[in-house]
Student: 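My questions will all concern the structure given below.
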There are 2 protein chains.
Amino acid sequence: MQDSFTYSSLQVNNRVYIKNPESSTLGRKIVESSINLMDKIGYEAFTFKKLGFEIHSNEASIYRYFESKNKLLLYLTSWYWSWMEYKINFGLANIPAPEERLEKAIKLLTEDIELDGSFEHISKYKLNRIVIAEASKSYMTKKVDQNNKEGFFSCYNQLVGRLSNIILEINPTYKYPHMLITTLIEGAHHQRFFAQHLPLLTDEVNGEDAITEFSKETAFKAIGAIRPSK
Amino acid sequence: MQDSFTYSSLQVNNRVYIKNPESSTLGRKIVESSINLMDKIGYEAFTFKKLGFEIHSNEASIYRYFESKNKLLLYLTSWYWSWMEYKINFGLANIPAPEERLEKAIKLLTEDIELDGSFEHISKYKLNRIVIAEASKSYMTKKVDQNNKEGFFSCYNQLVGRLSNIILEINPTYKYPHMLITTLIEGAHHQRFFAQHLPLLTDEVNGEDAITEFSKETAFKAIGAIRPSK
DNA sequence: CATTTATGATAGTAATGCTATTATATTTGT
DNA sequence: ACAAATATAATAGCATTACTATCATAAATG
(Lines give C-alpha, C1' and ligand atoms only; values in the text may rest on other atoms or scores of the structure.)
Protein backbone atom coordinates (compact mmCIF):
# COMPACT_ATOMS: atom_id res chain seq x y z
CA MET A 1 0.00 0.00 0.00
CA GLN A 2 1.30 3.39 -0.95
CA ASP A 3 2.24 6.01 1.52
CA SER A 4 0.38 8.34 -0.76
CA PHE A 5 -2.72 7.24 1.06
CA THR A 6 -3.25 9.91 3.62
CA TYR A 7 -4.35 8.40 6.86
CA SER A 8 -7.09 10.85 7.35
CA SER A 9 -9.98 9.49 9.30
CA LEU A 10 -12.54 11.35 7.27
CA GLN A 11 -14.25 8.14 6.34
CA VAL A 12 -14.69 7.09 9.97
CA ASN A 13 -17.97 8.31 11.42
CA ASN A 14 -17.10 11.28 13.58
CA ARG A 15 -19.39 10.23 16.36
CA VAL A 16 -17.29 7.25 17.32
CA TYR A 17 -14.80 9.63 18.89
CA ILE A 18 -15.15 12.69 21.08
CA LYS A 19 -12.10 14.38 19.65
CA ASN A 20 -10.54 13.28 16.39
CA PRO A 21 -7.42 11.31 17.30
CA GLU A 22 -5.81 12.24 13.97
CA SER A 23 -5.86 15.87 15.06
CA SER A 24 -3.05 15.66 17.59
CA THR A 25 0.12 13.85 18.51
CA LEU A 26 -1.47 12.42 21.59
CA GLY A 27 -4.44 11.22 19.58
CA ARG A 28 -2.23 9.43 17.10
CA LYS A 29 -0.23 7.91 19.91
CA ILE A 30 -3.46 6.66 21.49
CA VAL A 31 -4.53 4.94 18.29
CA GLU A 32 -1.11 3.53 17.53
CA SER A 33 -0.53 2.20 21.02
CA SER A 34 -4.04 0.91 21.41
CA ILE A 35 -3.42 -1.36 18.43
CA ASN A 36 -0.23 -2.71 19.94
CA LEU A 37 -1.71 -3.17 23.37
CA MET A 38 -5.02 -4.65 22.29
CA ASP A 39 -3.29 -7.07 19.98
CA LYS A 40 -1.00 -8.07 22.81
CA ILE A 41 -3.36 -8.51 25.74
CA GLY A 42 -6.77 -8.78 24.06
CA TYR A 43 -9.89 -6.64 24.26
CA GLU A 44 -11.04 -7.89 27.66
CA ALA A 45 -7.80 -7.14 29.50
CA PHE A 46 -7.27 -3.89 27.63
CA THR A 47 -8.02 -0.78 29.70
CA PHE A 48 -7.49 2.94 29.23
CA LYS A 49 -5.43 2.97 32.37
CA LYS A 50 -2.95 0.48 30.95
CA LEU A 51 -2.93 2.32 27.65
CA GLY A 52 -2.27 5.58 29.50
CA PHE A 53 0.71 3.99 31.17
CA GLU A 54 2.05 2.71 27.83
CA ILE A 55 2.01 6.14 26.25
CA HIS A 56 3.23 7.94 29.40
CA SER A 57 -0.02 9.77 29.60
CA ASN A 58 -3.08 8.95 31.60
CA GLU A 59 -6.57 7.58 31.62
CA ALA A 60 -8.37 10.90 31.82
CA SER A 61 -6.59 12.20 28.74
CA ILE A 62 -7.65 9.19 26.69
CA TYR A 63 -11.25 9.64 27.75
CA ARG A 64 -11.17 13.00 26.04
CA TYR A 65 -10.72 11.19 22.74
CA PHE A 66 -12.88 8.13 23.22
CA GLU A 67 -15.95 7.69 25.34
CA SER A 68 -15.24 4.00 26.01
CA LYS A 69 -13.10 1.16 24.88
CA ASN A 70 -15.99 -0.10 22.80
CA LYS A 71 -15.99 3.15 20.84
CA LEU A 72 -12.24 2.84 20.41
CA LEU A 73 -12.73 -0.64 18.97
CA LEU A 74 -15.43 0.75 16.72
CA TYR A 75 -12.97 3.39 15.58
CA LEU A 76 -10.27 0.82 14.85
CA THR A 77 -12.56 -1.50 12.92
CA SER A 78 -14.13 1.36 10.94
CA TRP A 79 -10.68 2.57 10.09
CA TYR A 80 -9.72 -0.94 9.00
CA TRP A 81 -12.73 -1.29 6.72
CA SER A 82 -12.26 2.06 5.12
CA TRP A 83 -8.60 1.28 4.57
CA MET A 84 -9.66 -2.03 3.06
CA GLU A 85 -12.08 -0.27 0.75
CA TYR A 86 -9.36 2.09 -0.35
CA LYS A 87 -7.06 -0.85 -0.94
CA ILE A 88 -9.70 -2.64 -2.99
CA ASN A 89 -10.55 0.45 -5.02
CA PHE A 90 -6.89 0.88 -5.75
CA GLY A 91 -6.38 -2.78 -6.56
CA LEU A 92 -9.37 -2.98 -8.92
CA ALA A 93 -8.72 0.31 -10.65
CA ASN A 94 -7.47 -1.19 -13.90
CA ILE A 95 -9.47 -4.37 -14.02
CA PRO A 96 -12.55 -4.18 -16.22
CA ALA A 97 -13.88 -7.75 -16.09
CA PRO A 98 -16.16 -8.25 -13.08
CA GLU A 99 -14.98 -11.85 -12.60
CA GLU A 100 -11.43 -10.67 -12.20
CA ARG A 101 -12.54 -7.81 -10.01
CA LEU A 102 -14.34 -10.21 -7.71
CA GLU A 103 -11.44 -12.59 -7.54
CA LYS A 104 -9.02 -9.80 -6.70
CA ALA A 105 -11.35 -8.34 -4.09
CA ILE A 106 -11.76 -11.69 -2.38
CA LYS A 107 -8.02 -12.12 -2.36
CA LEU A 108 -7.51 -8.72 -0.72
CA LEU A 109 -10.27 -9.33 1.81
CA THR A 110 -9.29 -12.79 2.89
CA GLU A 111 -5.52 -13.00 2.48
CA ASP A 112 -3.14 -13.06 5.35
CA ILE A 113 -1.77 -9.61 6.01
CA GLU A 114 1.94 -9.89 6.49
CA LEU A 115 4.04 -8.19 9.07
CA ASP A 116 5.39 -5.17 7.29
CA GLY A 117 8.88 -4.09 8.12
CA SER A 118 8.15 -0.44 7.58
CA PHE A 119 7.38 1.58 10.65
CA GLU A 120 3.99 2.84 9.82
CA HIS A 121 1.80 4.89 12.02
CA ILE A 122 -0.75 2.10 12.07
CA SER A 123 0.33 -1.50 11.89
CA LYS A 124 -1.95 -3.20 9.39
CA TYR A 125 -0.69 -6.56 10.52
CA LYS A 126 -1.81 -6.07 14.09
CA LEU A 127 -4.95 -4.28 13.09
CA ASN A 128 -5.92 -7.25 10.95
CA ARG A 129 -5.38 -9.54 13.92
CA ILE A 130 -7.55 -7.30 16.04
CA VAL A 131 -10.30 -7.26 13.43
CA ILE A 132 -10.16 -11.05 13.28
CA ALA A 133 -10.25 -11.65 17.01
CA GLU A 134 -12.15 -8.68 18.40
CA ALA A 135 -14.30 -7.00 15.76
CA SER A 136 -17.38 -9.05 16.55
CA LYS A 137 -17.29 -7.63 20.07
CA SER A 138 -17.95 -4.22 18.59
CA TYR A 139 -21.39 -5.24 17.33
CA MET A 140 -22.36 -8.34 19.31
CA THR A 141 -23.70 -6.02 21.91
CA LYS A 142 -27.04 -4.88 23.29
CA LYS A 143 -26.27 -1.48 21.79
CA VAL A 144 -26.04 -2.63 18.16
CA ASP A 145 -29.29 -1.10 17.06
CA GLN A 146 -28.46 2.25 18.57
CA ASN A 147 -24.92 2.13 17.19
CA ASN A 148 -26.19 1.15 13.79
CA LYS A 149 -28.66 4.01 13.82
CA GLU A 150 -25.79 6.37 14.48
CA GLY A 151 -23.97 4.98 11.45
CA PHE A 152 -21.09 3.34 13.28
CA PHE A 153 -21.03 0.39 10.90
CA SER A 154 -21.34 2.36 7.70
CA CYS A 155 -17.79 1.65 6.53
CA TYR A 156 -18.44 -2.05 6.61
CA ASN A 157 -21.95 -1.71 5.20
CA GLN A 158 -20.64 0.31 2.30
CA LEU A 159 -17.87 -2.13 1.50
CA VAL A 160 -20.27 -5.06 1.55
CA GLY A 161 -22.65 -3.13 -0.69
CA ARG A 162 -19.98 -2.52 -3.30
CA LEU A 163 -18.86 -6.09 -3.39
CA SER A 164 -22.44 -7.27 -3.72
CA ASN A 165 -22.71 -5.09 -6.78
CA ILE A 166 -19.78 -6.83 -8.39
CA ILE A 167 -21.49 -10.14 -7.78
CA LEU A 168 -24.70 -8.84 -9.31
CA GLU A 169 -22.76 -7.62 -12.32
CA ILE A 170 -21.57 -11.17 -12.86
CA ASN A 171 -24.87 -12.80 -12.11
CA PRO A 172 -27.83 -10.41 -11.79
CA THR A 173 -30.15 -13.19 -10.71
CA TYR A 174 -28.08 -14.37 -7.77
CA LYS A 175 -30.27 -14.02 -4.72
CA TYR A 176 -27.81 -13.77 -1.85
CA PRO A 177 -24.98 -11.40 -2.72
CA HIS A 178 -24.76 -9.76 0.70
CA MET A 179 -24.96 -13.06 2.52
CA LEU A 180 -22.25 -14.52 0.36
CA ILE A 181 -19.88 -11.62 0.89
CA THR A 182 -20.33 -11.34 4.63
CA THR A 183 -20.21 -15.09 5.04
CA LEU A 184 -16.91 -15.24 3.20
CA ILE A 185 -15.33 -12.26 4.93
CA GLU A 186 -16.31 -13.29 8.44
CA GLY A 187 -15.68 -16.90 7.51
CA ALA A 188 -12.15 -16.22 6.33
CA HIS A 189 -11.44 -14.33 9.53
CA HIS A 190 -12.78 -17.16 11.60
CA GLN A 191 -10.70 -19.64 9.66
CA ARG A 192 -7.53 -17.66 10.33
CA PHE A 193 -8.32 -17.75 14.00
CA PHE A 194 -9.16 -21.45 13.93
CA ALA A 195 -6.00 -22.29 12.02
CA GLN A 196 -4.02 -20.83 14.88
CA HIS A 197 -6.06 -21.87 17.86
CA LEU A 198 -8.66 -24.50 17.03
CA PRO A 199 -7.12 -26.49 14.18
CA LEU A 200 -9.74 -29.24 14.24
CA LEU A 201 -12.23 -26.73 12.90
CA THR A 202 -10.32 -26.05 9.73
CA ASP A 203 -8.40 -27.81 6.96
CA GLU A 204 -4.67 -27.86 6.57
CA VAL A 205 -3.63 -27.71 2.94
CA ASN A 206 0.01 -27.05 2.30
CA GLY A 207 1.53 -25.10 -0.48
CA GLU A 208 -1.27 -22.60 -0.83
CA ASP A 209 -3.30 -20.14 1.08
CA ALA A 210 -6.15 -22.54 1.71
CA ILE A 211 -8.40 -19.91 3.22
CA THR A 212 -8.26 -17.54 0.27
CA GLU A 213 -8.48 -20.43 -2.15
CA PHE A 214 -11.54 -21.80 -0.36
CA SER A 215 -13.18 -18.37 -0.38
CA LYS A 216 -12.64 -17.79 -4.08
CA GLU A 217 -13.74 -21.27 -5.05
CA THR A 218 -16.85 -21.10 -2.91
CA ALA A 219 -17.80 -17.68 -4.23
CA PHE A 220 -17.54 -18.56 -7.91
CA LYS A 221 -19.36 -21.83 -7.50
CA ALA A 222 -22.09 -20.15 -5.48
CA ILE A 223 -22.84 -17.54 -8.10
CA GLY A 224 -22.38 -20.02 -10.93
CA ALA A 225 -19.55 -18.16 -12.62
CA ILE A 226 -16.34 -19.32 -14.15
CA ARG A 227 -13.17 -18.29 -12.41
CA PRO A 228 -10.78 -16.28 -14.51
CA SER A 229 -7.80 -18.41 -15.46
CA LYS A 230 -4.64 -17.37 -13.73
CA MET B 1 -37.44 -32.99 20.02
CA GLN B 2 -38.56 -35.76 22.31
CA ASP B 3 -38.64 -35.44 26.03
CA SER B 4 -37.15 -38.90 26.04
CA PHE B 5 -33.85 -37.15 25.59
CA THR B 6 -32.49 -36.99 29.08
CA TYR B 7 -30.89 -33.70 29.69
CA SER B 8 -27.87 -35.20 31.28
CA SER B 9 -24.78 -33.14 30.86
CA LEU B 10 -22.55 -36.16 30.45
CA GLN B 11 -21.39 -34.91 27.10
CA VAL B 12 -20.24 -31.56 28.49
CA ASN B 13 -16.63 -31.63 29.59
CA ASN B 14 -16.70 -31.87 33.35
CA ARG B 15 -13.98 -29.35 33.81
CA VAL B 16 -16.10 -26.45 32.65
CA TYR B 17 -17.93 -26.58 35.95
CA ILE B 18 -16.80 -26.98 39.52
CA LYS B 19 -19.91 -28.84 40.57
CA ASN B 20 -22.24 -30.41 38.03
CA PRO B 21 -25.26 -28.11 37.81
CA GLU B 22 -27.44 -31.04 36.74
CA SER B 23 -26.83 -32.63 40.13
CA SER B 24 -29.03 -30.31 42.18
CA THR B 25 -32.08 -28.12 42.11
CA LEU B 26 -29.99 -25.03 42.62
CA GLY B 27 -27.66 -26.05 39.83
CA ARG B 28 -30.53 -26.49 37.41
CA LYS B 29 -32.00 -23.19 38.47
CA ILE B 30 -28.65 -21.53 37.84
CA VAL B 31 -28.49 -22.88 34.31
CA GLU B 32 -32.11 -22.17 33.52
CA SER B 33 -32.05 -18.63 34.86
CA SER B 34 -28.68 -17.85 33.38
CA ILE B 35 -30.15 -18.53 29.95
CA ASN B 36 -33.05 -16.19 30.58
CA LEU B 37 -30.91 -13.47 32.06
CA MET B 38 -28.08 -13.65 29.56
CA ASP B 39 -30.52 -13.61 26.67
CA LYS B 40 -32.21 -10.61 28.21
CA ILE B 41 -29.31 -8.36 29.21
CA GLY B 42 -26.40 -9.84 27.20
CA TYR B 43 -23.11 -11.38 28.24
CA GLU B 44 -21.38 -8.13 29.19
CA ALA B 45 -24.02 -6.91 31.61
CA PHE B 46 -24.64 -10.38 32.98
CA THR B 47 -23.15 -10.93 36.46
CA PHE B 48 -23.39 -13.68 39.05
CA LYS B 49 -24.73 -11.16 41.50
CA LYS B 50 -27.69 -10.34 39.27
CA LEU B 51 -28.25 -14.02 38.60
CA GLY B 52 -28.17 -14.72 42.33
CA PHE B 53 -30.84 -12.11 42.84
CA GLU B 54 -33.00 -13.63 40.08
CA ILE B 55 -32.96 -17.07 41.64
CA HIS B 56 -33.26 -15.77 45.22
CA SER B 57 -29.88 -17.18 46.02
CA ASN B 58 -26.55 -15.45 46.00
CA GLU B 59 -23.31 -14.88 44.22
CA ALA B 60 -21.20 -17.10 46.43
CA SER B 61 -23.46 -20.09 45.85
CA ILE B 62 -23.19 -19.74 42.09
CA TYR B 63 -19.43 -19.58 42.31
CA ARG B 64 -19.57 -23.06 43.79
CA TYR B 65 -20.87 -24.30 40.43
CA PHE B 66 -18.98 -22.15 37.98
CA GLU B 67 -15.57 -20.59 38.30
CA SER B 68 -16.49 -17.59 36.14
CA LYS B 69 -19.10 -16.36 33.74
CA ASN B 70 -16.88 -17.39 30.87
CA LYS B 71 -16.99 -20.98 32.08
CA LEU B 72 -20.76 -20.73 32.40
CA LEU B 73 -20.93 -19.56 28.79
CA LEU B 74 -18.66 -22.44 27.82
CA TYR B 75 -21.06 -24.76 29.61
CA LEU B 76 -24.09 -23.35 27.82
CA THR B 77 -22.52 -23.50 24.38
CA SER B 78 -21.14 -27.00 24.93
CA TRP B 79 -24.57 -28.09 26.04
CA TYR B 80 -26.08 -26.52 22.96
CA TRP B 81 -23.69 -28.29 20.61
CA SER B 82 -24.17 -31.65 22.21
CA TRP B 83 -27.91 -31.17 22.09
CA MET B 84 -27.55 -30.25 18.43
CA GLU B 85 -25.53 -33.36 17.78
CA TYR B 86 -28.19 -35.45 19.44
CA LYS B 87 -30.85 -33.75 17.38
CA ILE B 88 -28.91 -34.39 14.18
CA ASN B 89 -28.22 -38.02 15.04
CA PHE B 90 -31.89 -38.47 15.70
CA GLY B 91 -32.94 -36.64 12.56
CA LEU B 92 -30.59 -38.57 10.28
CA ALA B 93 -31.26 -41.96 11.81
CA ASN B 94 -33.34 -43.30 8.95
CA ILE B 95 -31.76 -41.50 6.04
CA PRO B 96 -29.22 -43.57 4.12
CA ALA B 97 -28.25 -41.28 1.24
CA PRO B 98 -25.43 -38.93 2.26
CA GLU B 99 -26.82 -36.08 0.14
CA GLU B 100 -30.08 -36.19 2.04
CA ARG B 101 -28.22 -36.53 5.30
CA LEU B 102 -26.20 -33.43 4.55
CA GLU B 103 -29.23 -31.44 3.52
CA LYS B 104 -31.10 -32.41 6.66
CA ALA B 105 -28.12 -31.65 8.87
CA ILE B 106 -27.69 -28.21 7.35
CA LYS B 107 -31.35 -27.53 7.89
CA LEU B 108 -31.13 -28.48 11.55
CA LEU B 109 -27.97 -26.46 12.06
CA THR B 110 -29.04 -23.28 10.37
CA GLU B 111 -32.80 -23.07 10.78
CA ASP B 112 -34.49 -20.64 13.06
CA ILE B 113 -35.31 -22.25 16.36
CA GLU B 114 -38.84 -21.34 17.27
CA LEU B 115 -40.14 -20.29 20.61
CA ASP B 116 -41.48 -23.50 22.07
CA GLY B 117 -44.61 -23.24 24.13
CA SER B 118 -43.69 -26.11 26.38
CA PHE B 119 -42.05 -25.20 29.64
CA GLU B 120 -38.82 -26.99 29.31
CA HIS B 121 -36.01 -26.90 31.76
CA ILE B 122 -33.80 -25.31 29.13
CA SER B 123 -35.25 -22.96 26.56
CA LYS B 124 -33.77 -23.96 23.22
CA TYR B 125 -35.08 -20.78 21.69
CA LYS B 126 -33.15 -18.54 24.04
CA LEU B 127 -30.13 -20.79 24.09
CA ASN B 128 -29.98 -20.54 20.31
CA ARG B 129 -30.07 -16.76 20.57
CA ILE B 130 -27.26 -16.85 23.11
CA VAL B 131 -25.17 -19.12 20.90
CA ILE B 132 -25.72 -16.72 18.01
CA ALA B 133 -24.88 -13.56 19.88
CA GLU B 134 -22.42 -14.65 22.55
CA ALA B 135 -20.75 -17.95 21.68
CA SER B 136 -17.80 -16.34 19.97
CA LYS B 137 -16.96 -14.62 23.25
CA SER B 138 -16.30 -18.04 24.74
CA TYR B 139 -13.36 -18.65 22.42
CA MET B 140 -12.29 -15.24 21.12
CA THR B 141 -10.18 -14.95 24.18
CA LYS B 142 -6.53 -15.02 25.17
CA LYS B 143 -7.26 -18.28 26.96
CA VAL B 144 -8.38 -20.23 23.87
CA ASP B 145 -5.33 -22.40 23.61
CA GLN B 146 -5.48 -23.37 27.24
CA ASN B 147 -9.23 -23.97 27.06
CA ASN B 148 -8.85 -26.01 23.92
CA LYS B 149 -6.15 -28.12 25.55
CA GLU B 150 -8.56 -28.87 28.35
CA GLY B 151 -11.13 -30.03 25.81
CA PHE B 152 -13.68 -27.28 26.35
CA PHE B 153 -14.55 -27.14 22.67
CA SER B 154 -14.77 -30.85 22.07
CA CYS B 155 -18.54 -30.89 21.58
CA TYR B 156 -18.25 -28.46 18.72
CA ASN B 157 -15.12 -30.11 17.33
CA GLN B 158 -16.84 -33.46 17.31
CA LEU B 159 -19.94 -32.19 15.58
CA VAL B 160 -17.89 -30.47 12.90
CA GLY B 161 -15.88 -33.66 12.43
CA ARG B 162 -19.00 -35.73 11.84
CA LEU B 163 -20.47 -33.35 9.34
CA SER B 164 -17.17 -33.19 7.48
CA ASN B 165 -17.37 -36.94 7.15
CA ILE B 166 -20.74 -36.71 5.47
CA ILE B 167 -19.27 -34.25 2.99
CA LEU B 168 -16.36 -36.59 2.31
CA GLU B 169 -18.79 -39.43 1.75
CA ILE B 170 -20.42 -37.39 -0.99
CA ASN B 171 -17.21 -36.09 -2.46
CA PRO B 172 -14.04 -37.72 -1.13
CA THR B 173 -11.82 -35.32 -3.03
CA TYR B 174 -13.29 -32.13 -1.59
CA LYS B 175 -10.47 -30.30 0.09
CA TYR B 176 -12.20 -28.07 2.60
CA PRO B 177 -14.91 -30.00 4.46
CA HIS B 178 -14.19 -28.49 7.88
CA MET B 179 -13.94 -24.97 6.51
CA LEU B 180 -17.18 -25.37 4.65
CA ILE B 181 -19.08 -26.64 7.68
CA THR B 182 -17.79 -24.06 10.13
CA THR B 183 -18.19 -21.27 7.61
CA LEU B 184 -21.82 -22.22 7.06
CA ILE B 185 -22.66 -22.72 10.73
CA GLU B 186 -21.05 -19.52 11.95
CA GLY B 187 -22.23 -17.79 8.80
CA ALA B 188 -25.84 -18.76 9.34
CA HIS B 189 -25.64 -17.52 12.92
CA HIS B 190 -24.17 -14.25 11.81
CA GLN B 191 -26.86 -13.87 9.20
CA ARG B 192 -29.59 -14.36 11.79
CA PHE B 193 -28.03 -11.62 13.84
CA PHE B 194 -27.61 -9.32 10.85
CA ALA B 195 -31.18 -9.90 9.72
CA GLN B 196 -32.32 -8.52 13.06
CA HIS B 197 -29.79 -5.80 13.69
CA LEU B 198 -27.72 -4.97 10.62
CA PRO B 199 -30.04 -5.65 7.70
CA LEU B 200 -27.78 -4.05 5.09
CA LEU B 201 -25.40 -6.95 5.59
CA THR B 202 -27.86 -9.58 4.54
CA ASP B 203 -30.52 -10.30 1.90
CA GLU B 204 -34.22 -10.17 2.42
CA VAL B 205 -36.03 -12.88 0.50
CA ASN B 206 -39.62 -13.42 1.38
CA GLY B 207 -41.51 -16.62 1.41
CA GLU B 208 -38.63 -18.82 2.46
CA ASP B 209 -35.99 -19.21 5.06
CA ALA B 210 -33.32 -17.46 3.02
CA ILE B 211 -30.55 -18.28 5.46
CA THR B 212 -31.09 -22.03 5.40
CA GLU B 213 -31.70 -21.96 1.68
CA PHE B 214 -28.47 -20.04 1.10
CA SER B 215 -26.54 -22.46 3.30
CA LYS B 216 -27.81 -25.56 1.53
CA GLU B 217 -27.32 -24.12 -1.92
CA THR B 218 -23.81 -22.95 -1.14
CA ALA B 219 -22.83 -26.28 0.38
CA PHE B 220 -23.98 -28.42 -2.52
CA LYS B 221 -22.45 -26.14 -5.11
CA ALA B 222 -19.18 -26.02 -3.19
CA ILE B 223 -18.77 -29.77 -3.04
CA GLY B 224 -20.10 -30.21 -6.56
CA ALA B 225 -23.01 -32.42 -5.63
CA ILE B 226 -26.59 -32.46 -6.73
CA ARG B 227 -29.16 -31.51 -4.17
CA PRO B 228 -31.76 -34.14 -3.46
CA SER B 229 -35.07 -33.13 -5.00
CA LYS B 230 -37.63 -32.12 -2.46
C1' DC C 1 -29.06 -38.33 65.59
C1' DA C 2 -24.39 -37.22 64.49
C1' DT C 3 -21.96 -35.79 60.66
C1' DT C 4 -21.14 -34.54 56.28
C1' DT C 5 -22.51 -31.55 52.60
C1' DA C 6 -24.99 -27.73 50.48
C1' DT C 7 -26.61 -23.27 50.84
C1' DG C 8 -27.11 -18.48 52.59
C1' DA C 9 -25.46 -14.13 54.46
C1' DT C 10 -22.09 -11.00 54.96
C1' DA C 11 -17.70 -8.88 54.34
C1' DG C 12 -13.70 -7.79 51.94
C1' DT C 13 -10.34 -6.83 47.98
C1' DA C 14 -8.23 -5.45 43.78
C1' DA C 15 -9.45 -3.95 39.40
C1' DT C 16 -12.59 -1.70 36.10
C1' DG C 17 -14.90 1.99 33.98
C1' DC C 18 -15.77 5.82 34.48
C1' DT C 19 -16.35 11.40 36.24
C1' DA C 20 -14.67 15.54 38.43
C1' DT C 21 -11.32 18.88 39.86
C1' DT C 22 -7.37 21.39 39.76
C1' DA C 23 -2.89 22.53 38.07
C1' DT C 24 0.24 23.16 34.46
C1' DA C 25 1.66 23.38 29.81
C1' DT C 26 0.97 24.80 25.03
C1' DT C 27 -1.16 27.20 21.44
C1' DT C 28 -3.52 31.15 19.61
C1' DG C 29 -5.19 35.56 18.48
C1' DT C 30 -4.24 40.48 18.85
C1' DA D 1 4.79 39.94 23.64
C1' DC D 2 1.07 38.74 26.39
C1' DA D 3 -3.58 37.49 27.68
C1' DA D 4 -6.85 34.14 26.83
C1' DA D 5 -8.20 29.92 25.32
C1' DT D 6 -7.26 25.13 24.89
C1' DA D 7 -4.97 20.68 25.77
C1' DT D 8 -2.84 17.72 28.86
C1' DA D 9 -1.29 15.80 33.38
C1' DA D 10 -2.07 14.49 38.09
C1' DT D 11 -4.88 13.14 41.50
C1' DA D 12 -8.99 11.71 43.73
C1' DG D 13 -13.25 9.55 44.00
C1' DC D 14 -17.21 6.38 43.14
C1' DA D 15 -20.18 2.57 41.88
C1' DT D 16 -19.70 -1.83 39.94
C1' DT D 17 -17.37 -6.14 38.82
C1' DA D 18 -15.23 -10.36 39.60
C1' DC D 19 -13.98 -12.65 42.63
C1' DT D 20 -12.39 -15.01 47.73
C1' DA D 21 -13.06 -15.95 52.53
C1' DT D 22 -15.59 -16.80 56.66
C1' DC D 23 -19.19 -18.30 59.35
C1' DA D 24 -23.84 -19.72 60.30
C1' DT D 25 -27.57 -22.52 59.22
C1' DA D 26 -30.27 -25.89 56.75
C1' DA D 27 -30.77 -30.36 54.42
C1' DA D 28 -29.36 -34.79 53.32
C1' DT D 29 -27.09 -39.10 54.56
C1' DG D 30 -25.18 -42.94 56.92
Side-chain angles (χ1 to χ4, degrees), chain A residues 9 14-34 37-38 40-76 134 137-138 140-143 146-147, chain B residues 9 14-34 37-38 40-76 134 137-138 140-143 146-147:
Chain A
S9 55
N14 66 7
R15 275 182 297 183
V16 303
Y17 47 76
I18 295 168
K19 182 181 169 175
N20 191 338
E22 290 295 332
S23 72
S24 74
T25 317
L26 180 64
R28 266 167 272 132
K29 240 164 59 176
I30 289 172
V31 170
E32 188 180 350
S33 279
S34 71
L37 187 60
M38 201 180 288
K40 192 172 162 197
I41 67 176
Y43 181 73
E44 283 72 28
F46 176 93
T47 69
F48 281 2
K49 194 169 194 175
K50 290 175 188 167
L51 178 58
F53 178 80
E54 288 284 315
I55 60 177
H56 309 288
S57 173
N58 76 32
E59 220 181 345
S61 301
I62 299 166
Y63 273 104
R64 267 182 227 108
Y65 286 83
F66 294 101
E67 195 182 299
S68 64
K69 75 169 167 175
N70 195 264
K71 289 276 165 69
L72 207 201
L73 181 60
L74 240 17
Y75 178 86
L76 296 179
E134 323 287 6
K137 294 166 194 167
S138 76
M140 287 293 187
T141 259
K142 288 287 169 187
K143 285 186 183 164
Q146 191 191 317
N147 287 343
Chain B
S9 55
N14 67 7
R15 276 181 296 183
V16 303
Y17 47 75
I18 295 168
K19 181 179 169 174
N20 191 338
E22 290 295 332
S23 72
S24 73
T25 318
L26 180 64
R28 265 167 273 134
K29 241 164 59 178
I30 288 172
V31 171
E32 188 181 350
S33 279
S34 70
L37 187 59
M38 200 181 288
K40 193 173 162 195
I41 66 176
Y43 181 74
E44 283 72 30
F46 177 93
T47 69
F48 282 1
K49 194 168 194 176
K50 291 174 188 166
L51 179 59
F53 178 80
E54 288 284 315
I55 61 176
H56 309 287
S57 174
N58 76 34
E59 222 181 343
S61 301
I62 299 166
Y63 273 104
R64 275 184 213 107
Y65 286 83
F66 295 100
E67 196 181 299
S68 65
K69 76 168 166 174
N70 196 266
K71 288 278 164 71
L72 207 202
L73 180 60
L74 239 17
Y75 178 87
L76 296 179
E134 323 287 6
K137 295 166 194 167
S138 76
M140 288 291 187
T141 258
K142 287 287 170 187
K143 285 187 185 165
Q146 190 191 317
N147 287 344

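A note on names: the letters A, B, ... follow the listed sequences, proteins ahead of strands, and every chain is numbered from 1.
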Student: If you find the nucleotide of DNA chain C closest to B:Thr25 and the one closest to A:Phe46, which residue's nucleotide is nearer the 5' end?
Tutor: B:Thr25
Student: Which parts of residues 63-70 of chain B get close to DNA chain C, meaning a heavy atom less than 4.0 angstrom away?
Tutor: B:Arg64, B:Tyr65
Student: Quick check on DNA chain C: between A:Thr47 and B:Lys19, whose nearest nucleotide comes earlier from the 5' end?
Tutor: B:Lys19
Student: Taking heavy atoms of chain A and a 4.0 Å limit, find me the 5'-most and 3'-most nucleotide of DNA chain D within that range.
Tutor: D:dA7 to D:dT11
Student: Kindly write out the residues that satisfy side-chain hydrogen bond (donor to acceptor under 3.5 Å, both in side chains) with A:Glu59, not counting sequence neighbours, or none if the list is empty.
Tutor: none
Student: Please enumerate all residues that pass side-chain contact (heavy atoms from CB on, under 4.5 Å) together with B:Lys40, with sequence neighbours excluded.
Tutor: none
Student: Considering only heavy atoms of chain B and a distance under 4.0 Å, specify the first and last nucleotide of DNA chain C in 5' to 3' order that meet this criterion.
Tutor: C:dA6 to C:dT10
Student: Is a side-chain N or O of B:Thr141 found less than 3.5 angstrom from the main chain of B:Ser138, in a donor-acceptor match?
Tutor: no
Student: Of all residues at least two apart in sequence or in a different chain, which pass the salt bridge (charged side-chain N to carboxylate O under 4.0 Å, His left out) check with A:Glu134?
Tutor: A:Lys137
Student: Please name all residues satisfying side-chain hydrogen bond (donor to acceptor under 3.5 Å, both in side chains) with A:Asn70, sequence neighbours left out, ordered by chain then number.
Tutor: A:Tyr43
Student: By salt bridge (charged side-chain N to carboxylate O under 4.0 Å, His left out), which residues pair with B:Glu54, not counting sequence neighbours?
Tutor: none
Student: Applying salt bridge (charged side-chain N to carboxylate O under 4.0 Å, His left out), name anything that partners A:Arg64, two or more places apart in sequence or on another chain.
Tutor: none
Student: Report the residues that fulfil side-chain hydrogen bond (donor to acceptor under 3.5 Å, both in side chains) with B:Ser68, sequence neighbours left out, ordered by chain and then residue number.
Tutor: none
Student: Tell me, please, which residues at least two apart from B:Lys69 pass salt bridge (charged side-chain N to carboxylate O under 4.0 Å, His left out).
Tutor: none
Student: Checking B:Phe53 now: which residues fulfil ring-ring contact (aromatic ring centres under 6.0 Å, His included) with it, not counting sequence neighbours?
Tutor: none
Student: At under 4.0 Å between heavy atoms, what does B:Lys29 touch on the DNA or RNA strands: base, sugar-phosphate, or nothing?
Tutor: nothing
